[in-house]
Amino acid sequence: MRVMVLVKADENSEAGALPDEKTLTEMGKFNEELVRAGVMLAGEGIQASSKGARVRFGKGTKPTVFDGPFTEAKELIAGFWLWQVKSMEEAIEWLKRAPFQDTEVEIRPVFESTDFAPSDPTGELMAAEERLRAQSEQLNKAARR
Amino acid sequence: MRFMMLMIPKGYEIAEPGTMPDAKAVAAMMKYNESLQQAGVLLALDGLHPPSMGARVSFPGGKPKVTDGPFSEAKEVVGGYWMIQVKSKEEAIEWAKRCPGSETEVIEVRQVQEMSDFPPDVAEAAAGFADLQAQSGQSKGS
(Lines give C-alpha, C1' and ligand atoms only; values in the text may rest on other atoms or scores of the structure.)
Protein backbone atom coordinates (compact mmCIF):
# COMPACT_ATOMS: atom_id res chain seq x y z
CA MET A 1 0.00 0.00 0.00
CA ARG A 2 0.99 3.60 -0.42
CA VAL A 3 0.66 6.26 2.27
CA MET A 4 0.97 10.02 2.14
CA VAL A 5 2.82 11.60 5.04
CA LEU A 6 1.79 15.23 5.57
CA VAL A 7 4.17 17.55 7.38
CA LYS A 8 2.53 20.62 8.90
CA ALA A 9 3.56 24.21 8.49
CA ASP A 10 4.65 26.29 11.48
CA GLU A 11 5.46 29.98 12.03
CA ASN A 12 8.93 29.51 10.57
CA SER A 13 7.87 27.76 7.37
CA GLU A 14 5.01 30.21 6.91
CA ALA A 15 7.50 33.08 7.27
CA GLY A 16 9.50 31.53 4.42
CA ALA A 17 12.42 30.57 6.69
CA LEU A 18 14.56 27.71 5.34
CA PRO A 19 15.59 24.79 7.55
CA ASP A 20 19.07 25.10 9.08
CA GLU A 21 21.97 22.90 8.03
CA LYS A 22 21.66 20.52 11.00
CA THR A 23 17.98 19.84 10.28
CA LEU A 24 18.72 19.36 6.57
CA THR A 25 21.54 16.93 7.33
CA GLU A 26 19.41 14.86 9.72
CA MET A 27 16.49 14.83 7.30
CA GLY A 28 18.87 13.91 4.47
CA LYS A 29 20.03 10.85 6.43
CA PHE A 30 16.46 9.81 7.15
CA ASN A 31 15.58 10.24 3.45
CA GLU A 32 18.54 8.06 2.49
CA GLU A 33 17.32 5.31 4.83
CA LEU A 34 13.86 5.51 3.24
CA VAL A 35 15.33 5.19 -0.25
CA ARG A 36 17.60 2.28 0.69
CA ALA A 37 14.64 0.45 2.24
CA GLY A 38 12.62 0.99 -0.96
CA VAL A 39 10.00 2.95 0.97
CA MET A 40 10.42 6.39 -0.60
CA LEU A 41 8.33 7.12 -3.69
CA ALA A 42 8.34 10.92 -3.59
CA GLY A 43 8.98 13.83 -1.24
CA GLU A 44 8.61 17.58 -1.67
CA GLY A 45 8.69 20.80 0.32
CA ILE A 46 5.88 23.30 -0.24
CA GLN A 47 6.39 27.07 -0.20
CA ALA A 48 4.63 29.31 2.33
CA SER A 49 0.88 29.77 1.88
CA SER A 50 1.49 33.50 1.21
CA LYS A 51 2.65 32.37 -2.26
CA GLY A 52 -0.46 30.27 -2.81
CA ALA A 53 -4.18 30.67 -3.45
CA ARG A 54 -7.45 28.94 -2.61
CA VAL A 55 -10.30 28.32 -5.03
CA ARG A 56 -13.75 27.91 -3.52
CA PHE A 57 -16.58 26.35 -5.54
CA GLY A 58 -20.18 27.60 -5.28
CA LYS A 59 -23.42 26.04 -6.41
CA GLY A 60 -24.09 27.23 -9.97
CA THR A 61 -21.74 30.18 -9.52
CA LYS A 62 -18.22 30.76 -10.75
CA PRO A 63 -15.38 29.66 -8.49
CA THR A 64 -13.97 32.36 -6.18
CA VAL A 65 -10.21 32.83 -5.77
CA PHE A 66 -8.62 33.89 -2.45
CA ASP A 67 -4.94 34.76 -2.28
CA GLY A 68 -2.76 33.38 0.52
CA PRO A 69 -1.69 33.48 3.31
CA PHE A 70 -4.54 31.48 4.84
CA THR A 71 -4.34 32.77 8.39
CA GLU A 72 -7.70 31.25 9.37
CA ALA A 73 -6.49 27.73 8.57
CA LYS A 74 -5.28 25.95 11.70
CA GLU A 75 -3.41 23.27 9.80
CA LEU A 76 -1.41 24.11 6.71
CA ILE A 77 0.99 21.78 4.94
CA ALA A 78 4.71 22.47 4.50
CA GLY A 79 5.74 19.24 2.82
CA PHE A 80 4.91 15.61 2.13
CA TRP A 81 6.27 12.15 1.38
CA LEU A 82 4.71 9.26 -0.51
CA TRP A 83 5.84 5.94 0.94
CA GLN A 84 5.42 2.35 -0.21
CA VAL A 85 4.79 0.19 2.87
CA LYS A 86 3.11 -3.10 3.81
CA SER A 87 0.82 -1.66 6.48
CA MET A 88 -0.13 1.43 8.47
CA GLU A 89 1.94 -0.04 11.31
CA GLU A 90 5.07 -0.06 9.14
CA ALA A 91 4.39 3.56 8.11
CA ILE A 92 4.01 4.56 11.77
CA GLU A 93 7.26 2.80 12.69
CA TRP A 94 9.10 4.71 9.96
CA LEU A 95 7.60 8.02 10.97
CA LYS A 96 8.54 7.49 14.63
CA ARG A 97 12.19 7.42 13.52
CA ALA A 98 11.98 10.75 11.68
CA PRO A 99 14.08 13.57 13.19
CA PHE A 100 11.17 15.81 14.25
CA GLN A 101 10.75 17.96 17.37
CA ASP A 102 7.49 19.31 18.83
CA THR A 103 5.33 18.90 15.75
CA GLU A 104 2.58 16.58 14.54
CA VAL A 105 2.77 14.64 11.27
CA GLU A 106 -0.18 12.88 9.60
CA ILE A 107 -0.17 9.53 7.76
CA ARG A 108 -2.99 8.78 5.32
CA PRO A 109 -3.45 5.67 3.18
CA VAL A 110 -3.75 6.45 -0.55
CA PHE A 111 -6.63 5.18 -2.71
CA GLU A 112 -5.42 2.52 -5.15
CA SER A 113 -7.43 1.90 -8.31
CA THR A 114 -8.34 -1.56 -6.98
CA ASP A 115 -10.19 0.15 -4.09
CA PHE A 116 -12.76 1.26 -6.65
CA ALA A 117 -13.50 -2.27 -7.91
CA PRO A 118 -17.03 -2.41 -6.40
CA SER A 119 -18.12 0.70 -8.34
CA ASP A 120 -16.09 -0.20 -11.44
CA PRO A 121 -17.33 -3.70 -12.46
CA THR A 122 -16.08 -3.42 -16.06
CA GLY A 123 -12.64 -2.23 -14.99
CA GLU A 124 -12.97 0.70 -17.39
CA LEU A 125 -12.17 3.29 -14.71
CA MET A 126 -9.12 1.37 -13.55
CA ALA A 127 -7.78 1.07 -17.10
CA ALA A 128 -8.26 4.81 -17.72
CA GLU A 129 -6.45 5.65 -14.51
CA GLU A 130 -3.55 3.31 -15.32
CA ARG A 131 -3.11 5.07 -18.67
CA LEU A 132 -3.18 8.48 -16.98
CA ARG A 133 -0.54 7.43 -14.47
CA ALA A 134 1.78 5.91 -17.06
CA GLN A 135 1.70 9.13 -19.12
CA SER A 136 2.18 11.35 -16.04
CA GLU A 137 5.19 9.36 -14.95
CA GLN A 138 6.87 9.98 -18.28
CA LEU A 139 6.24 13.70 -17.96
CA ASN A 140 7.47 13.60 -14.38
CA LYS A 141 10.76 12.07 -15.45
CA ALA A 142 11.17 14.66 -18.21
CA ALA A 143 10.42 17.52 -15.77
CA ARG A 144 13.21 16.35 -13.48
CA ARG A 145 15.87 16.17 -16.14
CA MET B 1 7.39 25.59 -11.90
CA ARG B 2 5.47 22.94 -10.02
CA PHE B 3 2.30 23.49 -8.04
CA MET B 4 0.36 21.21 -5.77
CA MET B 5 -3.42 21.48 -5.88
CA LEU B 6 -4.77 20.20 -2.55
CA MET B 7 -8.41 19.17 -2.55
CA ILE B 8 -10.08 20.00 0.80
CA PRO B 9 -13.59 18.48 0.97
CA LYS B 10 -15.67 19.84 3.87
CA GLY B 11 -16.96 16.98 6.05
CA TYR B 12 -14.17 14.58 5.11
CA GLU B 13 -12.61 15.20 8.55
CA ILE B 14 -15.44 13.12 10.08
CA ALA B 15 -15.95 10.57 7.23
CA GLU B 16 -16.30 6.90 8.27
CA PRO B 17 -13.55 4.40 7.41
CA GLY B 18 -14.14 2.96 3.95
CA THR B 19 -15.99 6.04 2.65
CA MET B 20 -15.81 6.02 -1.17
CA PRO B 21 -16.34 8.94 -3.53
CA ASP B 22 -19.59 8.99 -5.52
CA ALA B 23 -19.27 7.23 -8.92
CA LYS B 24 -20.74 10.22 -10.81
CA ALA B 25 -18.30 12.63 -9.16
CA VAL B 26 -15.41 10.29 -10.00
CA ALA B 27 -16.46 10.18 -13.67
CA ALA B 28 -16.54 14.02 -13.85
CA MET B 29 -13.17 14.23 -12.10
CA MET B 30 -11.68 11.65 -14.47
CA LYS B 31 -12.60 13.90 -17.44
CA TYR B 32 -10.91 16.82 -15.71
CA ASN B 33 -7.84 14.65 -15.00
CA GLU B 34 -7.68 13.71 -18.68
CA SER B 35 -7.81 17.38 -19.70
CA LEU B 36 -4.83 18.07 -17.40
CA GLN B 37 -3.07 15.11 -18.96
CA GLN B 38 -3.81 16.17 -22.54
CA ALA B 39 -2.47 19.67 -21.82
CA GLY B 40 0.76 18.07 -20.61
CA VAL B 41 0.59 19.63 -17.13
CA LEU B 42 -0.23 16.60 -14.95
CA LEU B 43 2.73 15.13 -13.03
CA ALA B 44 0.98 13.09 -10.35
CA LEU B 45 -2.36 12.69 -8.60
CA ASP B 46 -3.80 10.66 -5.74
CA GLY B 47 -6.83 10.39 -3.52
CA LEU B 48 -6.49 9.80 0.23
CA HIS B 49 -8.65 7.55 2.39
CA PRO B 50 -10.44 9.47 5.19
CA PRO B 51 -8.52 10.49 8.34
CA SER B 52 -10.45 7.83 10.30
CA MET B 53 -8.17 5.31 8.53
CA GLY B 54 -5.01 7.30 9.23
CA ALA B 55 -2.82 8.24 12.18
CA ARG B 56 -0.89 11.20 13.49
CA VAL B 57 2.50 11.07 15.12
CA SER B 58 3.47 14.02 17.33
CA PHE B 59 6.94 14.54 18.76
CA PRO B 60 6.64 16.17 22.21
CA GLY B 61 10.22 16.81 23.32
CA GLY B 62 11.41 14.68 20.37
CA LYS B 63 9.63 11.49 21.57
CA PRO B 64 7.05 10.06 19.14
CA LYS B 65 3.43 9.71 20.29
CA VAL B 66 0.83 8.03 18.02
CA THR B 67 -2.83 9.14 17.77
CA ASP B 68 -5.25 7.15 15.61
CA GLY B 69 -7.71 8.97 13.34
CA PRO B 70 -10.19 10.61 13.13
CA PHE B 71 -8.62 13.77 14.51
CA SER B 72 -11.32 15.53 16.49
CA GLU B 73 -9.55 18.90 16.48
CA ALA B 74 -9.11 19.03 12.68
CA LYS B 75 -11.41 21.54 10.98
CA GLU B 76 -10.32 20.70 7.45
CA VAL B 77 -8.34 17.83 5.95
CA VAL B 78 -6.82 16.95 2.59
CA GLY B 79 -8.83 14.52 0.44
CA GLY B 80 -6.42 14.31 -2.47
CA TYR B 81 -3.95 16.22 -4.61
CA TRP B 82 -2.68 16.91 -8.10
CA MET B 83 0.92 17.85 -8.89
CA ILE B 84 1.09 20.04 -11.99
CA GLN B 85 3.85 21.63 -14.06
CA VAL B 86 2.84 25.13 -15.26
CA LYS B 87 4.42 28.48 -16.19
CA SER B 88 2.89 30.64 -13.43
CA LYS B 89 0.69 30.76 -10.35
CA GLU B 90 -2.03 32.29 -12.52
CA GLU B 91 -1.99 29.27 -14.82
CA ALA B 92 -2.20 26.97 -11.79
CA ILE B 93 -5.24 28.92 -10.48
CA GLU B 94 -6.91 28.75 -13.91
CA TRP B 95 -6.57 24.95 -13.82
CA ALA B 96 -7.96 24.80 -10.27
CA LYS B 97 -11.00 26.87 -11.36
CA ARG B 98 -11.79 24.34 -14.12
CA CYS B 99 -12.09 21.49 -11.64
CA PRO B 100 -15.65 20.13 -11.31
CA GLY B 101 -15.68 20.98 -7.59
CA SER B 102 -18.81 20.98 -5.46
CA GLU B 103 -19.87 23.74 -3.07
CA THR B 104 -18.35 21.83 -0.14
CA GLU B 105 -14.92 21.71 -1.76
CA VAL B 106 -11.95 24.08 -1.74
CA ILE B 107 -8.73 23.66 -3.71
CA GLU B 108 -5.58 25.08 -2.17
CA VAL B 109 -2.90 25.92 -4.74
CA ARG B 110 0.66 25.79 -3.34
CA GLN B 111 4.02 26.20 -5.03
CA VAL B 112 6.53 23.36 -4.65
CA GLN B 113 10.07 24.17 -3.49
CA GLU B 114 12.67 23.64 -6.21
CA MET B 115 16.40 23.32 -5.51
CA SER B 116 16.88 26.62 -7.35
CA ASP B 117 14.77 28.37 -4.66
CA PHE B 118 17.47 27.67 -2.06
CA PRO B 119 20.52 29.88 -1.38
CA PRO B 120 23.87 28.17 -2.23
CA ASP B 121 24.71 26.88 1.30
CA VAL B 122 21.28 25.31 1.80
CA ALA B 123 21.31 23.90 -1.75
CA GLU B 124 24.66 22.28 -0.98
CA ALA B 125 23.41 20.69 2.26
CA ALA B 126 20.38 19.38 0.36
CA ALA B 127 22.34 18.37 -2.74
CA GLY B 128 21.80 14.64 -2.26
CA PHE B 129 18.05 15.05 -2.31
CA ALA B 130 17.71 15.37 -6.08
CA ASP B 131 19.66 12.11 -6.48
CA LEU B 132 17.47 10.46 -3.88
CA GLN B 133 14.39 11.53 -5.78
CA ALA B 134 15.83 10.20 -9.00
CA GLN B 135 16.55 6.86 -7.27
CA SER B 136 13.08 6.67 -5.79
CA GLY B 137 11.96 7.24 -9.38
CA GLN B 138 8.45 8.33 -8.38
CA SER B 139 7.55 4.71 -8.97
CA LYS B 140 3.97 3.78 -8.38
CA GLY B 141 2.66 1.36 -5.84
CA SER B 142 0.22 -1.48 -6.04
Side-chain angles (χ1 to χ4, degrees), chain A residues 1-2 4 6 18 21 24-25 28 31-32 35 40-47 49 51-59 63 65 70 73-75 77 84 88 92 95-96 100-112 115-116 119 125 128-129 132-133 135-137 139-140 143-144, chain B residues 4 6 20 23 26 30 33-34 37 40 42-49 51 53-62 64 66 74-76 78 85 89 93 96-97 101-103 105-113 117-118 121-122 125-126 128-129 132-136 138-142:
Chain A
M1 67 186 285
R2 289 179 304 152
M4 190 168 201
L6 299 157
L18 294 166
E21 208 179 312
L24 272 178
T25 307
N31 282 328
E32 270 173 44
V35 171
M40 168 95 94
L41 297 176
E44 301 289 350
I46 308 292
Q47 300 218 9
S49 76
K51 294 192 175 178
R54 279 188 169 196
V55 179
R56 190 175 291 278
F57 297 90
K59 193 166 194 167
V65 180
F70 317 117
K74 273 194 347 190
E75 300 183 343
I77 286 162
Q84 175 79 56
M88 272 297 284
I92 289 170
L95 182 53
K96 281 163 104 175
F100 285 116
Q101 285 277 345
D102 294 319
T103 184
E104 191 175 55
V105 183
E106 184 171 316
I107 308 175
R108 299 273 301 278
V110 172
F111 275 111
E112 305 293 356
D115 290 330
F116 294 99
S119 51
L125 212 62
E129 188 169 321
L132 209 63
R133 280 178 192 284
Q135 288 162 354
S136 298
E137 256 170 65
L139 194 66
N140 222 322
R144 286 172 180 285
Chain B
M4 199 163 190
L6 297 156
M20 299 293 285
V26 171
M30 217 38 208
N33 294 340
E34 277 164 8
Q37 172 66 55
L42 185 65
L43 295 178
L45 78 169
D46 275 305
L48 304 185
H49 282 284
M53 293 168 73
R56 285 183 170 186
V57 179
S58 57
F59 296 83
V66 181
K75 278 199 305 189
E76 46 182 38
V78 177
Q85 169 90 45
K89 180 173 144 188
I93 292 172
K97 283 162 81 175
S102 78
E103 73 235 88
E105 293 174 322
V106 171
I107 293 179
E108 186 173 306
V109 179
R110 299 279 298 278
Q111 194 181 343
V112 176
Q113 281 170 339
D117 296 328
F118 295 133
D121 57 329
V122 179
F129 196 66
L132 285 179
Q133 285 181 319
Q135 284 172 40
S136 66
Q138 299 261 338
S139 53
K140 80 184 172 79
S142 54

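Letters go in sequence order (proteins before strands), and every chain restarts at 1.
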Which atoms of B:Val66 approach chain A - backbone, side chain, both or neither, heavy atom under 4.5 Å
side chain

Would you say A:Lys51 has more than 12 foreign heavy atoms packed within less than 6.0 Å of its NZ?
no

When rounded to the nearest 0.5 angstrom, what distance separates CE in B:Met53 from CE in A:Met88?
9.0 Å

Rounded to the nearest 0.5 Å, how far does CD of A:Glu106 lie from CD1 of A:Ile77?
7.5 Å

Taking every non-hydrogen atom, the tightest pair across A:Val55 and B:Ala96:
CG2-CB, 3.7 Å

Sort A:Leu18 into side chain, backbone, both or neither according to what part of it lies under 4.5 angstrom from a heavy atom of chain B.
side chain

Relative to chain A, which of B:Ala74, B:Pro60, B:Ala23, B:Ala55 shows the most heavy atom pairs under 4.5 Å?
B:Ala55

Kindly compute the distance separating CD (A:Glu112) from NE2 (B:His49), expressed to the nearest 0.5 Å.
7.5 Å

Residue from A:Lys96, A:Arg56, A:Lys74 scoring the most non-hydrogen pairs under 4.5 Å with chain B is A:Lys96

Residue, of A:Arg108, A:Gln101, A:Glu104, that accumulates the most heavy atom pairs under 4.5 Å with chain B:
A:Arg108

With side chains defined as the heavy atoms from C-beta onward, is the minimum distance between B:Val78 and B:Glu108 less than 4.5 Å?
no

Interatomic distance, CD1@B:Ile93 vs NZ@B:Lys97, rounded to 0.5 Å, equals 8.0 Å

Side chain, backbone, both or neither: which part of A:Lys59 has a non-hydrogen atom closer than 4.5 Å to chain B?
both

Heavy-atom cut-off 4.5 Å, strictly under: side chain, backbone, both or neither for A:Val110 against chain B?
both

Please rank B:Ser102, B:Gly101, B:Gly40, B:Gly54 by heavy-atom pairs under 4.5 Å with chain A and give me the top one.
B:Gly101

Shorter than 4.5 Å, heavy atoms on both sides: which option in A:Asp102, A:Asp115, A:Ile92 has the most such pairs with chain B?
A:Asp102

Report the option among A:Ala128, A:Ser49, A:Gly58 that has the most heavy-atom pairs separated by less than 4.5 Å from atoms of chain B.
A:Ser49

Among B:Gln85, B:Glu76, B:Lys75, which has the most heavy-atom pairs under 4.5 Å with chain A?
B:Glu76

Gap between atom CE of A:Met1 and atom CD of A:Gln84 - 0.5 Å precision:
9.5 Å

Leading residue by heavy atom contact count with chain A [cutoff under 4.5 Å; candidates B:Asp46, B:Leu6, B:Leu45, B:Val112]
B:Asp46

